[in-house]
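Just the heavy atoms: all of them, side chains too, but no hydrogens, waters or symmetry mates, feed the values below.
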Amino acid sequence: METLRRWFDSNGGVSRADWLVEPIATLEFVLPASWFGAEGNARLFGQPALDFQTSYERASSSFSISSFSTWKVGAALKTGWRF
């Protein structure tokens, strides 16, 4: 979970303060080595994995017109090599 507090400079005697709260969930699927023919081939490709991530961002502000919420969804191919 990411939480952020922001304060803004006063403008015309009015100040603004925001809270941003964003819980994040990640699901990782490691591709089986058999999909590459053998463990050695999977290592050659960096032990690939698919990461699926979703988050919900909620912004609360002292200005009602600045408050919002949004969903974010994404996927990534993750690889890694060890030296």
Side-chain angles (χ1 to χ4, degrees):
M1 169 149 348
E2 181 178 355
T3 305
L4 181 68
R5 178 72 169 159
R6 296 172 57 191
W7 290 273
F8 297 88
D9 291 336
S10 182
N11 186 6
V14 178
S15 60
R16 175 178 163 192
D18 292 358
W19 275 104
L20 295 143
V21 178
E22 185 174 10
I24 301 168
T26 302
L27 176 66
E28 182 173 272
F29 173 68
V30 178
L31 302 177
S34 62
W35 288 13
F36 299 94
E39 182 67 34
N41 291 342
R43 268 196 308 277
L44 184 65
F45 286 102
Q47 303 286 8
L50 292 173
D51 284 356
F52 302 96
Q53 193 169 65
T54 186
S55 65
Y56 176 75
E57 182 177 0
R58 175 76 178 123
S60 299
S61 177
S62 57
F63 287 1
S64 61
I65 61 171
S66 299
S67 297
F68 66 91
S69 61
T70 185
W71 283 94
K72 298 176 189 173
V73 178
L77 175 64
K78 183 172 91 172
T79 59
W81 292 269
R82 294 180 188 222
F83 300 98

Kindly say whether Ala17 contributes a backbone atom to a donor-acceptor pair with the side chain of Ser62 at under 3.5 angstrom? yes
Taking side chain as C-beta onward, heavy atoms only, is Phe68 less than 4.5 Å from Glu57? yes
Smallest heavy-atom separation, Trp35 atom then Phe29 atom, equals CH2-CE2, 3.8 Å
Candidate list Leu31, Asp51, Val30, Leu50, test side-chain contact (heavy atoms from CB on, under 4.5 Å), partner Lys78, passing option: Asp51
Atom pair OG (Ser67) and CG (Leu20), whose distance is rounded to the nearest 0.5 Å: 9.5 Å
Considering non-hydrogen atoms only, spot the tightest contact between Trp71 and Thr54 and give its length. CE3-OG1, 3.8 Å
Residue that, paired with Ser55, satisfies side chain to side chain donor-acceptor pair (under 3.5 Å) out of Glu2, Lys72, Glu22: Glu22
Nonpolar side-chain network containing Val21, other nodes, edges under 4.5 Å: Met1
Quick one: pull up OG1 in Thr26 and CZ in Phe52 and give me the separation to the nearest 0.5 Å. 11.5 Å
Between Thr79 and Pro48 (side chain of the first, backbone of the second, donor and acceptor by atom type, cut-off under 3.5 Å), is there such a pair? no
Whether the side chain of Asn41 engages the backbone of Phe36 through a donor-acceptor N/O pair (distance < 3.5 Å, no angle test) should be reported. yes
Please evaluate residues Glu39 and Gln47 with respect to the criterion side chain to side chain donor-acceptor pair (under 3.5 Å), reporting the C-alpha separation (whole Å), side-chain torsions for both, the decisive distance (0.1 Å), and the verdict. CA-CA 9 Å; Glu39 182 67 34; Gln47 303 286 8; 2.9 Å; yes
What is the minimum heavy-atom distance between Ser61 and Asp18, and which atoms define it? OG-OD1, 2.6 Å
Do Trp7 and Val14 sit in the same hydrophobic cluster, where Ile, Leu, Val, Met, Phe, Trp and Tyr count as joined when their side-chain heavy atoms come under 4.5 Å apart? no
